[in-house]
Amino acid sequence: MASGQQQQATRRNGGKAVQVLDGSDIRELVENKEAFARFVESKFRHLDRDGDGRLSVRELQPAVADIGAAIGLPARGSSAQADHIYSEVLNEFTHGKQESVSKQEFQVVLSDILLGMAAGLQRDPIVILRMNGEDLIEFVDSSTYETEAVAIFSQVQSGNASLRQCLSAALRHLTVDHGMPPASDSLVVETVIEPALQELSADQLDGPASQEAFFQEFRKYLGIIARRLQERPVIVAHSENTFDGTGIRKILSNKSEFDKLLDSLWGDVPKEHKDRTSKKYLRVAFDRMAASVNLPPYGAVDQVDAVVNEAFKMANADDGKPVDEAKFKKLLTEILGAVMLQLDGNVIAVSSNTVLHEPMSTPSSLLSPSPPSSMVSSPSE
């Protein structure tokens, strides 16, 4: 196994260099008490800009942003659901009311978050693919090329479409399995797709898209793209997830573990009265238990969000009315059951491909060594 701050298992697969990020090194770091203490010390000193030995809410923001990036969230401000998760991460550090946290408090929460990330990567590893044109050439030369090209042409061809339009649309039907990086990514468009298109005949591109012309030019186009990928490979982070309800069934079948989880969730929600809370916190509680039942955070997968929304609607759980502990737990159990039944009948499989515009050896800068800094960092750092 390769060493580094994120576990990387390297192998060869169909001409692509592959790295599997499975969380092993994160877990190894956290479980090594001395190494993790040094890591926390470095991070804490870098974040503690005023050198007072505590991290204010403002000083915590870079760490929260790094955690968000590491779990795949878009930048703060771009999504209400993502912003909610950022707020929840910050609340984990401050317990929702502290104005600053000590190094020990920072270490405890960071340990929990990193172990959660490691568990997620172990369950759903991220595969780093080096797209170097070899698989694309193999596809073009394969016996299945013509059959797939016919199917693609039938989907992209329309009465007035030019050959240029058909070729551009056809690229979006190819996947990393064909050896094609995401055709919608700006880096791929600027460095691969557009330059390759310029090597084709402009006169023919602006003409009508007959099937014969499409076959000939699409093969040529892919050959040029493959050559450009050989000259400048593109790195893609690929993940696949299947949500079928088995994670929910597993925890529902273990009553003691499920009761512990419900007790923990009830203990964390704000109480608007002595023993009652608002139904609006059911959403927060459900999102907190997502990792425990093999579900993505709300806002991460649209298809799963739709299932969860339907389950909340069926349980009438979004009306904001106050509920006591028993009702709160009963509603959560009903919602989980409804989600499980829907996923039983309609398994959701999701794959994700993201072009890495910079070399990636860790999930984000979260695990990167902090730059050397004094107790008081300058504003330019």
Side-chain angles (χ1 to χ4, degrees), residues 13-19 21 65-66 68-70 72-79 82 126-141 145 148-149 152-153 155-158 161-207 209 213-240 350-365 368:
N13 177 24
K16 297 187 293 288
V18 178
Q19 295 176 320
L21 309 183
D66 278 346
L73 292 180
R76 188 189 290 270
S78 60
S79 162
I126 297 174
V127 181
I128 306 302
L129 306 174
R130 185 173 183 267
M131 314 298 293
N132 60 6
E134 293 182 19
D135 279 3
L136 195 56
I137 292 173
E138 184 178 329
F139 165 63
V140 171
D141 292 339
Y145 169 76
E148 291 200 47
I152 291 173
F153 181 72
Q155 295 178 67
V156 302
Q157 191 271 344
S158 63
S162 67
L163 180 58
R164 182 191 303 273
Q165 291 171 321
C166 285
L167 290 176
S168 297
L171 284 185
R172 294 193 287 273
H173 288 264
L174 299 183
T175 69
V176 294
D177 291 332
H178 297 98
M180 183 69 201
S184 59
D185 182 84
S186 59
L187 177 70
V188 177
V189 172
E190 293 170 9
T191 63
V192 179
I193 293 175
E194 288 298 336
L197 197 61
Q198 291 173 12
E199 295 190 36
L200 299 177
S201 168
D203 291 340
Q204 189 166 4
L205 287 176
D206 294 329
F214 176 82
F215 279 5
Q216 180 179 348
E217 293 304 299
F218 193 44
R219 186 187 293 272
K220 186 186 301 183
Y221 190 25
L222 294 182
I224 298 170
I225 288 175
R227 190 190 74 228
R228 297 195 69 86
L229 287 173
Q230 288 174 332
E231 296 169 354
R232 183 176 176 177
V234 172
I235 309 301
V236 176
H238 172 76
S239 64
E240 296 182 3
V350 179
S351 65
S352 172
N353 297 290
T354 304
V355 174
L356 304 180
H357 290 208
E358 297 179 1
M360 174 177 171
S361 59
T362 66
S364 76
S365 59
S368 301

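Heavy atoms only: backbone and side chains are in, while hydrogens, waters and symmetry mates are out.
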Side chains of F218 and V140: does their closest heavy-atom pair fall under 4.5 Å? no
If I compare all heavy atoms of Q230 with all of G133, which pair ends up nearest, and what's the gap? CG-CA, 4.5 Å
On a heavy-atom basis, which atom in S162 and which in Q165 lie closest, and how many Å separate them? N-OE1, 2.8 Å
With a 4.5 Å cut-off on side-chain heavy atoms, are I235 and V355 touching? no
For A170 and I152 the tightest heavy-atom approach is CB-CG2, 3.6 Å
Looking at side-chain heavy atoms only, is the closest gap between V192 and P181 below 4.5 Å? no
Side chains of R164 and L200: closer than 4.5 Å at any heavy-atom pair? no
Closest non-hydrogen atom pair, A226 against L136: N-CD2, 3.9 Å
Could you go step by step and tell me if L197 and I224 meet the side-chain contact (heavy atoms from CB on, under 4.5 Å) rule? CA-CA 8 Å; L197 197 61; I224 298 170; over 6 Å; no
Criterion side-chain contact (heavy atoms from CB on, under 4.5 Å) on H178 and T175, from CA distance to verdict: CA-CA 5 Å; H178 297 98; T175 69; 3.4 Å; yes
Let me confirm one number: the CG-OG1 distance from D185 to T354, rounded to the nearest 0.5 Å. 8.5 Å
Roughly how far, to the nearest 0.5 Å, is OG of S201 from CD of E217? 7.0 Å
Value rounded to 0.5 Å, distance of CG in N353 from CE in M131: 8.0 Å
Rounded to the nearest 0.5 Å, how far apart are CZ of F153 and CZ of F215? 7.5 Å
Checking side-chain contact (heavy atoms from CB on, under 4.5 Å) against Y221, which of L205, L163, I193 comes through? I193
Taking 4.0 angstrom as the limit, do E194 and R228 come out as a salt bridge? no
For the side chain of E199 and the backbone of A196, is there at least one donor-acceptor N/O pair under 3.5 Å apart? no
How many angstroms lie between atom CG of L229 and atom CD of E134, to the nearest 0.5 angstrom? 10.5 Å
Would R172 and S184 satisfy side-chain contact (heavy atoms from CB on, under 4.5 Å), going step by step from the backbone distance to the final call? CA-CA 7 Å; R172 294 193 287 273; S184 59; 5.6 Å; no
Quick one: sort the Y145 and F139 rings into parallel, tilted or perpendicular, breaks at 30° and 60°. perpendicular
Rounded to the nearest 0.5 Å, what's the gap from CG on L174 to CD1 on I225? Could you check? 8.0 Å
Student check: side-chain heavy atoms of N132 and R232 closer than 4.5 Å: no
For a quick test of reading the model, state the closest non-hydrogen atom pair linking Q157 to A209 and the distance between them. CG-O, 4.0 Å
For V234 and L129: C-alpha separation, side-chain torsions, deciding distance, then whether side-chain contact (heavy atoms from CB on, under 4.5 Å) applies. CA-CA 8 Å; V234 172; L129 306 174; over 6 Å; no
